[in-house]
Amino acid sequence: MNISEILTEWYEIHKRNLPWRGIENPYFIWISEIILQQTRVSQGWNYYEKFISRFPDISALANASEDEVLLLWQGLGYYSRARNLHHTAKHILKYFNGIFPNRYETLIKLKGIGEYTAAAILSFAFKKPFPVVDGNVNRVISRFFGVTEPVDLPDVRKKIYILAKNILNEKKPDIHNQAIMEFGALQCVPQNPDCANCPLQSGCVAFSKNCVEKIPAKKPKKEVENRYFHYFFVKQNEKTFIRKRQESDIWRNLYEFPLLETEKNLSETEIFDSQEFKKLFPDFSKFTILNISQIIEHQLTHQKIFTRFYEISLSQNFANSYFFENFKNIDFAEISDFAVPKLIENYLKN
DNA sequence: GAATCGTGGCA
DNA sequence: TTGCCAAGATT
């Protein structure tokens, strides 16, 4: 048996039963692939169910507002995926009459669809012979063929793509692709793989050279940057204030409370004394501190955010024009209608 | 082409 | 506690 046959045989025995498994509708395939980018199955599962339930077809998604799409995406992370998903749904409806493209050259131009996702849609939905190379495939191939260079280097990626293409079963690209990905996810796992019971053991270069744990190699990682946030949960009557993040930064197009960001981790006193604070709240007499939280640490891939939440109450006659021009004034109960970062969602729970 | 974009689970 | 990294794409 060749490697594809071994993987397929293994797959038929060990495959998980997943909501998108066996689906051929390219729209559903697309939704599942975007949700699962850099995301574990267990984390994406419920989001997939929510999405296809609320947006059963491409026009339902295209006709929704971006805010609603982001709200459904809230908590899943990498929010550009949701923005691109929505943008591309509108594009397909407008320019392709709602018909999902089935050519690589067309798919690859759509926002949010890269080489992997295009190949996944083409093979799963249209049975076309394109090899998928995701993190799982990367690991299986680099170990089996003994690729010791860092797999995140462009030249090494090309090399692995060619290897993936060479072993592809062109007659059953859908089964082959799902088999090799599932194999990476369940058998050829990153840490402590069970090589003693692996059907690819005899041909695996990494196993024969006893370097399975060293492959796939990765480039050294950049140090994470520390950031210091000070959020103001402002209460005035039964209302509060939020704004939409529109900068090219984390959490783009999500909502948040009035925010001061500082270079260092300033104390409460230092915040209250700062010019930036006085710009937000010029009249301290109309201002009551209800609660100040501990410093909450929120870890992102390249950043660690240290945040303190200030719960404050404004008297009725506080009417700073700056505030009302820059923030949306909403009822407390309305907060759940807006997509917010997990950091704020967690705070609001308590 | 390197840097950037979230969150959660696990060892 | 910390690091790893997961059905990657964009700029």
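Each chain gets a letter, A, B and so on, in the order its sequence line appears, and its residues count up from 1.
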*From the options B/dG9, C/dT2, B/dT7, select the nucleotide whose nearest atom is closest to the side chain of A/R40.*
B/dG9

*asked:* Categorize A/L110 for me: base, sugar-phosphate, or nothing, with a 4.0 angstrom heavy-atom threshold over every strand shown.
replied: sugar-phosphate

*asked:* When you measure from the side-chain N and O atoms of A/K222 to the phosphate of B/dA2, is any distance below 4.0 Å, counting only OP1 and OP2?
replied: no

*So which nucleotide from C/dC4, B/dG6, C/dA7 ends up closest to the side chain of A/D134?*
C/dA7

*Which residue, A/R252, A/Q246, A/R245, forms the side chain to side chain donor-acceptor pair (under 3.5 Å) with A/D249?*
A/R245

*OP1 or OP2 of C/dA7 sitting under 4.0 Å from any side-chain N/O of A/W45?*
no

*Does A/R16 pair with A/E182 as a salt bridge, N-O distance under 4.0 Å?*
yes

*Given B/dC5, is OP1 or OP2 found less than 4.0 Å from the side-chain N or O atoms of A/Q303?*
yes

*How far apart are the C-alpha atoms of A/D152 and A/K218, what are their side-chain angles, what is the distance that settles it, and do they pass the salt bridge (Lys or Arg N to Asp or Glu O under 4.0 Å) test?*
CA-CA 6 Å; A/D152 35 17; A/K218 301 279 175 69; over 6 Å; no

*Phosphate oxygens OP1/OP2 of C/dG8: is one of them under 4.0 Å from a side-chain N or O of A/Q38?*
yes

*A/T117 side chain N/O closer than 4.0 Å to the phosphate oxygens (OP1, OP2) of C/dA9?*
yes

*So, is A/R139 close to the C/dA6 phosphate, meaning a side-chain N or O under 4.0 Å from OP1 or OP2?*
yes

_A/N136 side chain, from C-beta outward: closest of B/dG6, C/dA7, C/dC5_ = C/dA7

*Within the structure, does a side-chain N or O atom of A/K221 lie under 4.0 Å from either OP1 or OP2 of C/dG3?*
no

*Measure the acute angle between the ring planes of A/F309 and A/Y347, then classify it against the limits of 30° and 60° as parallel, tilted or perpendicular.*
parallel

_Quick check: any donor-acceptor pair below 3.5 Å linking the side-chain of A/T301 to the base of B/dG6?_
yes

*Residue-phosphate contact under 4.0 Å: A/K219 side-chain N/O, B/dA2 OP1/OP2*: yes

*Nearest-angstrom distance, C1' atom, B/dG1 to C/dG8*: 16 Å

_Separation of the P atoms in B/dG8 and C/dA9, to the nearest angstrom_ = 22 Å

